[in-house]
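In listed order, ligands and their atoms are each counted from 1. Sequential numbering from 1 along the given sequence is applied to the chain's residues.
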Amino acid sequence: MTTYKIVQAGCGAMASAWIKYALEREDSEIVAFVDLYEAAAVKMNEKHGLSVPWFASVEEAIRQTGANLVFDVTIPSAHKTVATAALEGGCHLMSEKPMAASMEEAEQLAELAATKPELHYSIMQNRRFLKDIRALRELIGSGAIGKPSFVTADFFIGAHFGGFRDAMESPLIMDMAIHTFDQARLIIGANPVSVYCHEFNPEGSWYAGNAAAVCIFEFDNGAVFTYNGSWCSEGLRTTWEAEWRIAGSQGTASWKDAPPFAEVVSPAQEAKFQYEYDRIEAPYNWHGREGHNGCLDEMFQAIQEGRPAETSYADNIYSTAMVFGAIRSAKEQRKVMLRRP
Ligand SMILES: NC(=O)c1ccc[n+]([C@@H]2O[C@H](COP(=O)([O-])OP(=O)(O)OC[C@H]3O[C@@H](n4cnc5c(N)ncnc54)[C@H](O)[C@@H]3O)[C@@H](O)[C@H]2O)c1
């Protein structure tokens, strides 16, 4: 059995979910904390009753502990440095989204990872690991609504974080929309080829950068996906999973704040102006754990089985491309082509 000696890079708000997961596993041990601030590591040790040593760099932590796995839970602008140090230090890597702070950085990381096929590099996409979205995916995959062709997601939340997000140029697209974009790829079962995006910062926003966006993506199976999102929208909030409508050739599926279902054209009807519909509930056949634990289970399982994880860098680069393509489209005020599968 592989045993994992883990360097936990980043001891901020998100770190505890990763630390708790590692502590639960019998085959894993956290051997180092890396953070810009020693005080952050001290706080993590106190919070979890640990006495893990602190290092100022991932390189040093790997060298001194002989670690074989890095958890990167630092801020997006640090992911490239941390990921490079992890892969060059011969460690598997599990990273928080987004892969990096720019498409160029993400491509460079993908190129580096491709030269090290023995190492597993996966990205946290916890919002794929939910019973509802798995049921929705199965409903769409069953062909019940026909071919999905027009997919919409509405995301409206007033989120007062404080911290790094308030200062980012594109907080919604960089830090949140990656989840919804990645969910769209899972639901549609295809990859994006282009995007047109209008990004803006609505009146009354408490963010320095653009906290709202409208995007139109085209997918390689012909589907069109539109995204309306805001992180500074007060009142009538949607869920964090967004509100979805998936229109296909035979019917439409819906996922809002309730189990997904579809309305499909009832069989054997006379031709008429508007058809009768049958309601189909989404099947709940997925029994994994939800959220971070589910995604981490899959990442570790992939290492055990010697296969890429569902959210490996090679898959996740398409979700990453949606993020940076959208930002580029908004800046250049034109439709942008994305990387081809
Ligand atoms: N998957 C999710 O649902 C989800 C939710 C929240 C945050 N996140 C992601 O998790 C990551 C961390 O977010 P957070 O909310 O914990 O941020 P945070 O600011 O609370 O913590 C980040 C920590 O990283 C440290 N850090 C910064 N640069 C570093 C560097 N170069 N080397 C080592 N440490 C460094 C900071 O000192 C801080 O302690 C981000 O990528 C964020 O997008 C994901």
Where is the nearest protein heavy atom to [atom]: which residue, which atom, and how far?
atom                    : result
atom 41 (O) of ligand 1 : K97 O, 2.9 Å
atom 21 (O) of ligand 1 : G12 CA, 3.2 Å
atom 40 (C) of ligand 1 : T74 O, 3.4 Å
atom 29 (C) of ligand 1 : L36 CG, 3.5 Å
atom 25 (C) of ligand 1 : D35 OD2, 3.2 Å
atom 17 (O) of ligand 1 : F164 CE2, 3.4 Å

**Request:** Please work out whether any backbone atom (N, CA, C, O) or any side-chain heavy atom from C-beta onward of D175 is under 4.0 Å from ligand 1, and answer side chain, backbone, both or neither.
**Result:** side chain
Proximal ligand 1 atoms for [X], defined as those under 4.0 Å from one of its heavy atoms:
X    : result
R165 : 6 (C), 7 (C), 15 (O)
H179 : 1 (N), 2 (C), 3 (O)
G10  : 24 (O)
H79  : 41 (O)
H292 : 1 (N), 2 (C), 3 (O)
A78  : 28 (N), 29 (C), 30 (C), 31 (N)
Y37  : 37 (O)

**Request:** Begin from the C-alpha positions of Q8 and I19 and carry the test side-chain contact (heavy atoms from CB on, under 4.5 Å) through to its verdict.
**Result:** CA-CA 8 Å; Q8 164 77 36; I19 293 168; 3.7 Å; yes
**Asked** Who's closest to atom 44 (C) of ligand 1 heavy-atom-wise, of K80, R127, E96?
**Response** E96
**Request:** Look at atom 27 (C) of ligand 1 and find which of I123, V82, I75, D72 reaches it with the closest heavy atom.
**Result:** I75
Donor-acceptor contact below 3.5 Å, side chain [X] vs main chain [Y]:
X    : Y    : answer
S233 : S230 : no
N210 : P171 : no
W54  : D35  : yes

**Residues, nucleotides or ligands: over 12 heavy atoms within 6.0 Å of Q269 CD** =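 Buried by this count: over 12 neighbours within 6.0 Å.
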**Prompt:** Above 12 or not: heavy atoms from other molecules or residues under 6.0 Å from NZ of K256?
**Reply:** no
If I apply the N/O under 3.5 Å rule, does [X] come out as touching ligand 1?
X    : answer
A13  : yes
M14  : yes
N126 : yes

**Request:** Verify whether one side chain among E118 and H92 offers a donor that lies under 3.5 Å from an acceptor in the other.
**Result:** no
**Item:** Stepwise side-chain hydrogen bond (donor to acceptor under 3.5 Å, both in side chains) test for R334 and S329
**Value:** CA-CA 5 Å; R334 65 178 184 88; S329 166; over 6 Å; no
**Asked** Is it true that A9 lies under 4.0 Å from ligand 1, counting heavy atoms only?
**Response** no
**Request:** Return yes when G163 approaches ligand 1 closer than 4.0 angstrom through a heavy atom, no otherwise.
**Result:**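 Flag not set, G163 not near ligand 1.
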**Item:** Residue among E298, E290, E310 satisfying salt bridge (charged side-chain N to carboxylate O under 4.0 Å, His left out) with R134
**Value:**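 Answer after filtering E298, E290, E310: E310.
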**Prompt:** Looking at F161 versus W231, is the centre-to-centre ring distance below 6.0 Å?
**Reply:** yes
**Asked** Would the Y196 and F217 ring centres measure less than 6.0 Å apart?
**Response** no
**Item:** Residue among Q125, R127, E241, R128 satisfying side-chain hydrogen bond (donor to acceptor under 3.5 Å, both in side chains) with Q183
**Value:** E241
**Residues H160, E234; criterion side-chain hydrogen bond (donor to acceptor under 3.5 Å, both in side chains); working and verdict** = CA-CA 11 Å; H160 299 261; E234 300 291 20; 2.8 Å; yes
